[in-house]
Amino acid sequence: MLTYSQAVEKIFATVQPLPPVECALDEALGKVIAERAVARWDLPSCDNSAMDGFAFSWGEETIGDRLKVRGVIYAGDSHQDKVEKGEAVRIMTGAPLPPCCDTVIPIEDVREEGQFILLTRGTTRGEHVRLRGEEVVSGEALVEAGTVLHAGDIGLLAAAGIDRIKIHPMPRVAILSTGNELVNLGDPPQPGEIVNSNIHLLQARLKEIGCETLPLDIARDDRDDLVRRIKEGLNADLLITTGGVSIGDRDHVQEVLDQLGFKLGFWKVAIKPGKPVLFGQIDRQIIFGLPGNPAAAAATFELFVRPALGRLSGHPAPFPPVLRAVLTEDVCDGGKRQAFLWGDLIETTAGYYSFSPNRHQGSNRNRAVQSAAALLSVPVGSGTISAGSEVAVMVLRLPSRQQINFS
Ligand code: AMP
Ligand code: MG
């Protein structure tokens, strides 16, 4: 049986980024840019004032000197008039500097006396002036291909005139739940029936990531129904099924996939929970068959599907964030399988965390996932890891902070 890291290697060897598409800059947040973005013009585009003040041509003006004020320039104006020696022009922040001026003295450093200003401190040449191109020059690379775009990138790219860019799209993900016992949320379950909760959990996770989801109708544990439903999911970039991948009499998912031309990547990984996880492709479409138990489906989503989605969307390193935390209780390894334990993260002091394994860990437990902020990997052969040990955990969400804690 494959180990977890061997299985992930297989996924990365198979899954490639989706072909780039062009989009408006405002649609690119959180996506991976597919080509280097280059500034269309200089930033700033002209020399301009960094302060509300008075612009003049520097000639060693110092405290006590007087300058005659001629006119005013606001941001957005242009000004070509000559400013003579002994003169200044009133200027607001961001307004273009007249060509003959090179220095600005802020309003708070002068005393205004009618048409004149009296300097109340000395000056140096060039102060409070932002020079054309001092931040970015036209043609300069702003963001390299393969970068995840954050709000700050969007602001910079907008300032440099980039209104459309090429990105890797977020994958469209079809989700299929299988099982005769499942009913849709809203329909009252009869004895022996359960609500198809997996589809809601998976949809929520996919929404957090920013993927478009295509929920499919529940497939019964019947080959024909499975074929029909799976076919409906084959026009997405990735199909997730839950249930029916184990060795039960009615676990037909793999068999039906085979009928549809499935190329097996792997089936079964030495992990706990989630051992029966299935991965492969039909043509270019990526398929994950997750176990039906809610906590197993949720864990295998984090461990396998999330990195695959990251790779599809072009992330250079599609791995979950990891934090170091102090374990609050002893934990045991999972025998021959690498165990993953759900747990809560608490920020004990600013930037320091503890990890408390959940009381519920069973793969059938919705509660295991509900209160979990992180997953702890317990490698084969770890034995008991004692309370107080520092461990690295995969972060699902950070706890909110009670205080600012910054001074
Ligand atoms: P399976 O993997 O099909 O053998 O299902 C294992 C367990 O997970 C069974 O107890 C199922 O009832 C439960 N299960 C399967 N699919 C779902 C689902 N979509 N939502 C919630 N529980 C499920
Ligand atoms: Mg089933």
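The basis for the numbers below is simple: all heavy atoms, side chains too, and nothing from hydrogens, waters or symmetry mates. Just so you know, ligand 1 is whichever comes first in the structure, and atom 1 is the first atom listed for that ligand.
Scanning the protein heavy atoms around atom 4 (O) of ligand 1, the nearest turns out to be D251 OD1, 4.0 Å. At the shortest separation from atom 22 (N) of ligand 1 among protein heavy atoms lies I194 CD1, 3.3 Å. Counting only heavy atoms of the protein, atom 12 (O) of ligand 1 lies nearest to E181 OE2, 2.6 Å. Looking at atom 10 (O) of ligand 1, its nearest protein heavy atom turns out to be N293 OD1, 4.0 Å. Shortest contact from atom 2 (O) of ligand 1 to any protein heavy atom: G292 N, 2.9 Å.
Side-chain contact check for I240 versus L290: some heavy-atom pair is nearer than 4.5 Å. Between V183 and N196 the shortest side-chain heavy-atom distance does not fall below 4.5 Å. The side-chain heavy atoms of K275 and V269, taken from C-beta on, include no pair separated by under 4.5 Å.
The distance from atom CG of D65 to atom OG1 of T123, rounded to the nearest 0.5 Å, is 8.0 Å.
When each of Y4, F288, F279 is checked for a ring pair (Phe, Tyr, Trp, His ring centres under 6.0 Å) with F304, only Y4 meets the rule.
Under a 4.0 Å criterion applied to the non-hydrogen atoms of V195, ligand 1 contributes the atoms 20 (N), 21 (C). Of all the atoms in ligand 1, the ones that sit under 4.0 Å from a non-hydrogen atom of S197 are 20 (N), 21 (C). The N196 neighbourhood of ligand 1 comprises atoms 18 (C), 19 (N), 20 (N), with distances under 4.0 Å to a heavy atom of that residue. Interface atoms of ligand 1 facing S177, defined by a heavy-atom separation under 4.0 Å, are 19 (N). Close approach of ligand 1 to G244 (heavy-atom distance below 4.0 Å) involves ligand atoms 1 (P), 2 (O), 3 (O). Listed by atom number, the atoms of ligand 1 under 4.0 Å from T242 heavy atoms are 19 (N).
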Side-chain donor-acceptor pairs of residues 309-321 under 3.5 Å, sequence neighbours excluded:
{"residue": "R311", "atom": "NH1", "partner": "F12", "partner atom": "O", "Å": "3.1"}
{"residue": "R311", "atom": "NH1", "partner": "V15", "partner atom": "O", "Å": "3.4"}
{"residue": "S313", "atom": "OG", "partner": "L309", "partner atom": "O", "Å": "2.8"}
{"residue": "S313", "atom": "OG", "partner": "G310", "partner atom": "O", "Å": "3.2"}

Could you tabulate the donor-acceptor pairs under 3.5 Å formed by side-chain atoms of residues 133-143, not counting sequence neighbours?
{"residue": "E134", "atom": "OE1", "partner": "L131", "partner atom": "N", "Å": "3.1"}
{"residue": "E140", "atom": "OE1", "partner": "V137", "partner atom": "N", "Å": "2.9"}

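Taking both residues in full, the closest heavy atoms of S177 and I199 are given as OG-CB, 3.7 Å, listed atom of the first, atom of the second, then distance.
Relative to atom 20 (N) of ligand 1, the option among V245, N198, L202, L185 with the closest non-hydrogen atom is N198.
E127 has a carboxylate O that lies under 4.0 Å from a charged side-chain N of R121, or vice versa, which qualifies the two as a salt bridge.
Contacts of I199 with ligand 1, taken as heavy-atom pairs under 4.0 Å, are absent altogether.
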